[in-house]
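Report on the structure given below.
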Amino acid sequence: MTEVVEQHPFAKYLREAMMPHIWCTGCGNGIILNAFVHALDELQIDLDKLVVVSGIGCIGRTAGYTNVDSFHTTHGRPIAFATGVKLANPELEVVVISGDGDLFAIGGNHFIHAARRNIGIKVICANNFNYGMTGGQFGPTTPLKASTPTTPYGNIEHPFNLVHLAAASGATYVARWTTLHVRMLTASIKKLLQRKGFSFIEVVSQCPEIFGRRNKMRTALEMMEWFKKAAVIANFSDPAKAEITPEKIVVGEFLDLEKPTFEELLREKMNEISKENGE
Amino acid sequence: MKSAVEQKILALNGDEAVAYAVKQSDVDVVAAYPITPQTIIVERFSEYVANGEVETAFVCTESEHSALTACLAASLAGARTFTASASAGLALMHEILFVTSGCRAPVVMAIANRALSAPINIHGDQSDTMAQRDSGWIQIYAENAQEVYDSIIQAFRIAEHPDVLLPTIVGLDGFTLSHSVENVNALPDEEVKKFVGTRRFPNALTHEGKTAPLKLDPDYPMTLGPLAFPNYYFEFKRQQEEAMKNALSVIKQVHDEYARISGRRYGDGLLEPYKLEDAEIAIVCVGSTAGTVKTVIDDLRTEGVKAGLLRIRTFRPLPVQGIREALEHVKAVAVMDRSMSFGGQGGAVFHEVRHALYDSSKHPLTVNYIYGLGGRDTSPSQIREIYTDLQEIVKKNRVEEPVKYVGLRE
């Protein structure tokens with residue numbers, strides 16, 4: 001027997017009034033949002049305790065699309081904003097969903113320092129290798145030699161290896177997947193949501209309209225064929241050796257450890273001082 | 001006026017007009033970060049760089065703060081320097097705006113005027129540059145793509161003039177100008193090159209007691225931007241004000257000289273009056289809205305209404321005396337602001353026009369209209385309503401509501 005349902009089972013996670021979304025046909029952002037929503041559903045996360053923060057860029061629209069308390073910051077500032085939310089109310093689950101340009105160029109400082117102090121916010125970065133929203137300029141993750149409107153003869157700047165950066169900065173959970181690895185990504189987001197400390201997932205995502213078509217991958221399928229061909233799953237391998245190249249995209253979990261979070265240490269310190277002062 | 005040289009008509013939007021003018025102005029360094037609606041400027045310019053059409057070092061930075069810092073440094077090292085931004089990008093530059101003007105670095109910057117967050121809005125208004133009016137930068141606002149082109153070329157001469165040495169913003173309304181294609185008369189490359197010339201440097205006394213051109217040069221070491229505590233800081237600021245005062249006449253001179261070549265004038269370069277001599281009621285505005293106001297004035301004039309316009313082209317330095325002389329014969333003045341000064345009873349342009357009129361023996365009645373925030377369209381019929389209001393104010397000889405809002409749902 002078939003069951004008739006009035007509503008899509010995941011409808012409660014998204015704001016229908018915000019649809020249609022702005023993302024191009026073939027964009028990977030929908031896959032990331034989908035994986036996020038699945039993870040929320042599988043964990044039965046209390047939506048009243050979830051905050052989604054995003055910055056400027058295509059994926060930044062997520063803050064408006066998810067049906068939870070959310071904030072869309074100015075360019076580069078979602079982690080700074082999320083830090084404030086988490087400190088004001090450590091009981092909240094604070095998730096930053098933003099792009100590579102936002103989190104690692106204009107907002108790069110916030111990332112390394114949030115990871116260093118191990119504040120318990122969760123960061124999911126859609127890495128599409130360029131500034132898609134403003135026309136595809138090269139950014140901090142654009143691969144060497146890639147063609148963009150601002151690197152018409154090929155990029156000569158070395159890109160960040162985001163998982164290495166996150167691990168070196170002090171993140172306690174670090175993973176990378178591509179949009180092709182939907183199930184692994186969903187499982188990884190579930191873990192990210194269950195960790196206490198600063199957790200980071202890089203999602204290598206296709207941008208056929210703005211990035212791919214200038215780099216001989218005109219369609220989403222062609223971009224994902226690259227992911228399929230290049231991706232190598234190597235869990236807990238050395239993130240320093242996980243540079244993304246045309247030949248190889250190392251994916252998997254790189255780091256999963258525990259250390260005291262900033263908010264825990266803060267509370268501890270405050271209690272200690274209160275006790276000393278006889279309060 | 002007739003042009004002294006043959007010009008090429010190009011179909012350019014405002015952003016492209018900026019890029020084309022920069023291309024012709026022999027610029028050494030451009031550093032920028034993309035932001036809507038400015039992006040086309042640097043996109044076009046990066047194409048000129050890639051095609052080898054310019055000898056410019058083009059730097060893509062990781063934020064606007066870094067973009068202006070790179071420009072500041074390049075300018076201090078003696079380079080002719082340009083950047084462009086908008087909205088949050090300009091706001092992020094705030095700290096360096098003051099450093100640039102304080103160092104007297106003549107950086108030229110185009111701003112595709114756009115609203116500020118929150119809520120996030122990418123469309124046109126002038127909140128971004130109005131919020132920076134005390135940052136020590138010259139501010140020139142264009143009415144159309146042609147004026148954008150002309151103003152950028154003039155801006156290099158103004159900024160780099162040894163009596164001025166101040167960074168200069170050229171504002172163009174986001175989307176209305178940045179993204180609308182118009183016919184633009186462009187001067188020949190060699191004419192622009194001749195007009196902008198090469199940078200001249202005033203001499204400075206170094207710490208070693210040597211006289212050297214004011215720039216970072218290993219042959220004549222000097223420190224720029226050092227500490228100046230209560231013993232010297234104040235004098236630096238007073239000198240910046242003197243430079244602003246000098247800019248009033250330099251902007252007029254450069255505008256006149258340019259007009260002789262191009263055949264194009266925008267009032268005296270500071271203020272552009274339109275049918276104002278015999279006007280009884282007038283609008284004061286900044287930027288592209290002046291175009292709409294002019295067409296409404298033409299209609300009103302055929303109906304016998306003595307309506308006029310004063311467009312403020314140069315907002316910093318503010319031509320206080322010019323504003324007073326242009327408006328004091330008018331009975332009622334409506335000042336239009338495309339930004340808010342929250343809690344200040346009216347917008348920035350209103351405050352400053354009223355300030356200019358205070359020393360007049362005849363005080364025209366003044367009223368403020370806030371309009372077009374976040375890109376809201378302002379139609380000719382709304383402009384016409386403002387003139388109707390002014391007629392009413394003249395009849396009653398009083399202003400009942402000093403601050404009004406155009407096209408707002410309330």
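Each chain gets a letter, A, B and so on, in the order the sequences are listed, and its residues count up from 1.
- In this structure, the portion of T74(A) lying under 4.5 Å from any heavy atom of chain B is its side chain and not its backbone.
- When each of F104(A), F138(A), W226(A) is paired with F129(A), the ring-ring contact (aromatic ring centres under 6.0 Å, His included) condition holds for W226(A) and for no other.
- The line from CD of E222(A) to CG of N215(A) is 11.5 Å long, rounded to the nearest 0.5 Å.
- Of the atoms belonging to P140(A), not a single heavy atom falls under 4.5 Å from chain B.
- For H75(A), the part sitting under 4.5 Å from any heavy atom of chain B is the side chain, from C-beta outward, and nothing else.
- Of the atoms belonging to T73(A), it is backbone heavy atoms, and not side-chain ones, that fall under 4.5 Å from chain B.
- Of the atoms belonging to S46(B), it is side-chain heavy atoms, and not backbone ones, that fall under 4.5 Å from chain A.
- Contacts between T36(B) and chain A at a heavy-atom distance below 4.5 Å involve backbone atoms as well as side-chain atoms.
- Only the backbone of I35(B) comes within contact range of chain A, with heavy atoms under 4.5 Å apart.
- Annotation for R15(A): atom CZ counts as buried by contact number, over 12 foreign heavy atoms lying within 6.0 Å.
- Between V49(B) and V30(B), every side-chain heavy-atom pair lies at or beyond the 4.5 Å cut-off.
- For the pair I120(B) and I56(A), the minimum side-chain heavy-atom distance is below 4.5 Å.
- Ion pairing between a basic and an acidic side chain is recognised when a charged N comes within 4.0 Å of a carboxylate O; E93(A) and K122(A) show such pairing.
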